[in-house]
Amino acid sequence: MASTAAAGNGSSSILPTTIPKDAAAADLEHRRRRRCLCCCLLVTILILLILAITLLVLFLTVLRVRDPTTRLVATRLAGVAPRLTFPTASIQLNVTLLLTVSVHNPNPASFTYATGGHTDLLYRGAHVGDAEIDPGRIPSKGDANVTMALTLQADRFAGDLGQLVNDFLTGSVELDASTRIPGRVAIFGVFKRHAVAYSDCHFVFGVAEMRVRSQQCSDRTKL
């Protein structure tokens with residue numbers, strides 16, 4: 001009987017372990033916060049991924065620069081200016097031509113240019129004239145005319161005078177023009193970047209008709 005009582009007393013001294021209500025509530029709150037933090041992190045990663053994909057699509061489609069196209073549409077004689085140089089007392093002749101070039105911009109960004117646009121004219125590799133380009137703006141996916149006053153320095157042709165005479169007799173003169181226009185592109189009126197437009201053209205000038213007979217241009221833009 002005594003042993004039974006002792007056994008009974010021993011079993012009654014072992015109590016089940018229980019978690020306090022405050023500790024259980026704190027653990028539940030901690031788990032809830034972890035779930036919220038994980039959800040916020042996943043949403044942030046998803047938004048960043050969508051933004052990265054959107055920027056990539058914009059870069060490959062809208063923001064990708066397409067080369068413009070240029071075409072000489074009008075040439076007009078503006079004046080002839082003789083110039084006396086010393087000490088040789090030789091007379092040089094400068095001829096000024098007003099040129100109008102049509103430019104087509106296929107990009108969804110406008111191109112604005114101020115001063116600094118310049119064109120060099122070459123005859124059989126020799127520099128024979130240059131032009132300063134007036135400031136202007138070419139709209140997005142649109143056309144605009146670029147005007148310039150091209151000054152031909154007749155004395156520069158002296159090195160190839162015999163070939164020039166032969167070209168006149170055959171009825172056509174071949175010329176090359178290299179143009180560089182620095183400016184800024186504006187995409188949707190928000191994104192603005194510095195850009196430089198380049199154009200290299202080969203012209204065949206018809207002597208009889210006094211106009212450009214044919215032309216071939218290579219245009220490109222660098223950001």
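Partners of Leu175 under the side-chain contact (heavy atoms from CB on, under 4.5 Å) rule, at least two apart in sequence or in another chain, are Leu121, Tyr123, Val173. Asp176 meets the side-chain hydrogen bond (donor to acceptor under 3.5 Å, both in side chains) test with His202; sequence neighbours excluded. Applying the side-chain contact (heavy atoms from CB on, under 4.5 Å) test to Asp143 and every residue at least two apart in sequence or in another chain returns His104. Taking Arg71 as the reference, nothing meets the side-chain hydrogen bond (donor to acceptor under 3.5 Å, both in side chains) condition, with sequence neighbours excluded. For the side-chain contact (heavy atoms from CB on, under 4.5 Å) test, no residue two or more places apart in sequence or in another chain qualifies with Ala114. Scanning for side-chain hydrogen bond (donor to acceptor under 3.5 Å, both in side chains) contacts around His127 gives Asp120, Arg156, with sequence neighbours left out. Partners of Thr147 according to the side-chain contact (heavy atoms from CB on, under 4.5 Å) rule, which considers only residues two or more places apart in sequence or in another chain, are Thr100, Asp134. Remark: Arg213 engages Glu209 in a salt bridge (Lys or Arg N to Asp or Glu O under 4.0 Å) (not counting sequence neighbours). Taking the ring pair (Phe, Tyr, Trp, His ring centres under 6.0 Å) definition, one finds that Phe203 meets it with nothing, sequence neighbours left out.
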Please output the side-chain donor-acceptor pairs of residues 178-187 that fall under 3.5 Å, not counting sequence neighbours, one pair per line with the distance.
unit_1 : atom_1 : unit_2 : atom_2 : d
Ser178 : OG     : Asp200 : OD1    : 3.1
Thr179 : OG1    : Thr119 : OG1    : 2.8

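Under a 4.5 Å side-chain heavy-atom cut-off, the cluster of Ile, Leu, Val, Met, Phe, Trp and Tyr residues that includes Leu41 is completed by Ile45. Through chains of ILVMFWY side-chain contacts below 4.5 Å, Val43 is grouped with Ile47.
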Can you list the steps and then say if Val103 with Phe111 is a side-chain contact (heavy atoms from CB on, under 4.5 Å)? CA-CA 11 Å; Val103 181; Phe111 181 69; over 6 Å; no
Kindly indicate, with the supporting measurements, whether the criterion side-chain contact (heavy atoms from CB on, under 4.5 Å) is fulfilled by His118 and Glu132. CA-CA 5 Å; His118 187 81; Glu132 299 296 329; 2.9 Å; yes
Evaluate side-chain contact (heavy atoms from CB on, under 4.5 Å) for Lys222 paired with Tyr198, printing each intermediate quantity in order. CA-CA 8 Å; Lys222 286 186 178 182; Tyr198 297 90; 4.1 Å; yes
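A heavy-atom distance below 4.5 Å is not found between the side chains of Phe205 and Asp167. The shortest side-chain heavy-atom distance between Asn145 and Val101 does not fall under the 4.5 Å cut-off. A heavy-atom distance below 4.5 Å is not found between the side chains of Asn107 and Ser140.
Between the side chain of Gln216 and the backbone N or O of Cys201, no donor-acceptor pair lies under 3.5 Å.
A continuous path of hydrophobic side-chain contacts links Met148 to Val128 [ILVMFWY only; heavy atoms under 4.5 Å].
Rounding to the nearest 0.5 angstrom, the gap separating the OG1 atom in Thr221 from the CG atom in Asn105 is 7.5 Å. Separating the CG atom in Leu150 from the CG atom in Asp130 is a distance of 7.5 Å, to the nearest 0.5 Å.
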